[in-house]
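Indexing begins at 1, ligand by ligand and atom by atom, following the structure's order.
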Amino acid sequence: MIGIFDSGIGGLTVVRALMDELPGYDMIYFGDTARTPYGTKSGQTVIDYSLQNTEFLIKQGAKMIVMACNTASSVATEALKKNFDLPIYEVISPAVRLALDETRTSAIGVIGTRATINSGIYEKKIKEQNPNARVYSAACPLLVPLVEEGWLRKPETRMIVKKYLHPLKVRQIDTLILGCTHYPVLKPIIQQKIGKRVRVISSSTAVAAQIREFLSSSPLIDRQFSKTGQTGFYVSDLTPQFEKTARSVIRQPIRLEHINS
Ligand code: DGL
C-alpha cells in the first residue's frame, strides 16, 4: 500500500495523480484536517505532525510514504528518513527536476505557502543543478484557505491569484512551479493569469510520475505493493465542506473516515 499524507485537500491532488499513473495500486491517504494549515506553523511543529502521520500510515500497512505536502517536504524530509526505514518521497525534488527539463530561459517562478517559500528550498535545489537559473518566488498564503473553502471559480479567487502572480509575470518567467499541493485545483486560473506561454508544473503530478518510474524499474520492491484498486481515506476532522471539496478533487465518490490524530 502507498501511504500519502498532507494537511488537507492538497494531498488528494497527489492521490489523484497516483491513481492516474498507477491505476490499481492500493493506497491510504491521511489528511490532517484538524491541524491544517501546516504552512503557517513552525518547522518543529510540522516535523512532529509529519512523524505522527507517518506512524499512522505505517500502522495501516503503508510500504512507502509520500509527503504530499510541500511544507512538510521542505522541513521534515530529513527527520522522516532518519526515523523510518521505508521509501520516503517528498514532492519538491520531482518538481524541480521537471521544471529544469522544461525551462528554456532558466527563469523559473515558484509559488507556495509562506513556510515553503521562507525555507528557500526550491531556490536551493534549482541552483544546485543550474547555478545560472534565476528563481523568483512568491508566498501565496490565501490560496490554501480558498481551495479548502471550495472557492475554485470565484471572481475573488481570480483577483487574488492575479495579484500574487503579478511580480512573477513582470520577471518574464517561462516556467512556474506550483509548490503547494493545493494549487493544482486552481491550475486553470493560474495558467490564465500567468499567460499561456508559461509552462505550469505541478509538484503533485511530478511526484506521481517519479514514483511510477521507480516502481517500474524496481520489480522486487514493486511486488510488495498490493494492487486491488482500493484507496482508504482518513481525516483527523470531518466537515461536509471538506467532503464536498474532496470529492471534486478525486473526481469519484469516496468515503472519508474520521480518526483522532
Ligand atoms: N498542501 C500543503 C503544501 O503542499 C500546504 C497546505 C497547508 O498550509 O497546510 O504545502
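The distance from ligand 1 to the heavy atoms of Ser7 drops below 4.0 Å at these ligand atoms: 6 (C), 7 (C), 9 (O). In the vicinity of Cys180, heavy-atom distances shorter than 4.0 Å reach the ligand 1 atoms 1 (N), 2 (C), 3 (C), 4 (O), 5 (C), 10 (O). Listed by number with element, the atoms of ligand 1 under 4.0 angstrom from any heavy atom of Thr36 are 9 (O). Shown in contact with Thr113 at under 4.0 Å from a heavy atom are these atoms of ligand 1, numbered in order with element: 5 (C), 8 (O), 10 (O). Numbered from 1 in the order shown, with element, the atoms of ligand 1 that lie under 4.0 Å from a heavy atom of Tyr38 read 7 (C), 8 (O), 9 (O).
Under the 3.5 Å distance criterion, the side-chain polar atoms of Tyr183 are matched with a main-chain donor or acceptor of Gly112. With hydrogens and angles disregarded, a donor-acceptor distance shorter than 3.5 Å links the side chain of Asn53 to the backbone of Tyr49.
Between Glu78 and Lys82 there is no salt bridge, since none of the side-chain N atoms of the basic residue sits less than 4.0 Å from a carboxylate O of the acidic one. The residues Asp101 and Arg97 are annotated as not salt-bridged, no charged nitrogen and carboxylate oxygen being separated by less than 4.0 angstrom. Glu257 and Arg255 are joined by a salt bridge, as a carboxylate oxygen and a charged side-chain nitrogen come within less than 4.0 angstrom of each other.
For atom 8 (O) of ligand 1, the closest non-hydrogen atom of the protein is Gly39 N, 2.8 Å. Closest to atom 1 (N) of ligand 1 among all protein heavy atoms lies His182 ND1, 2.7 Å.
The nearest non-hydrogen atom to atom 10 (O) of ligand 1, considering only Val147, Ile9, Asp6, Thr71, comes from Thr71. The heavy atom nearest to atom 4 (O) of ligand 1, out of those in Thr40, Thr13, Asn70, is found in Asn70.
Residue-level proximity to ligand 1 for Thr181 is carried by backbone and side chain together, each with a heavy atom below 4.0 angstrom.
Between Ser204 and the options Asn70, Thr13, Asp6, a side-chain hydrogen bond (donor to acceptor under 3.5 Å, both in side chains) holds for only Thr13. The side-chain hydrogen bond (donor to acceptor under 3.5 Å, both in side chains) test with Ser106 is passed by exactly one of Asp174, Asn130, Thr175, Asn132: Asn130.
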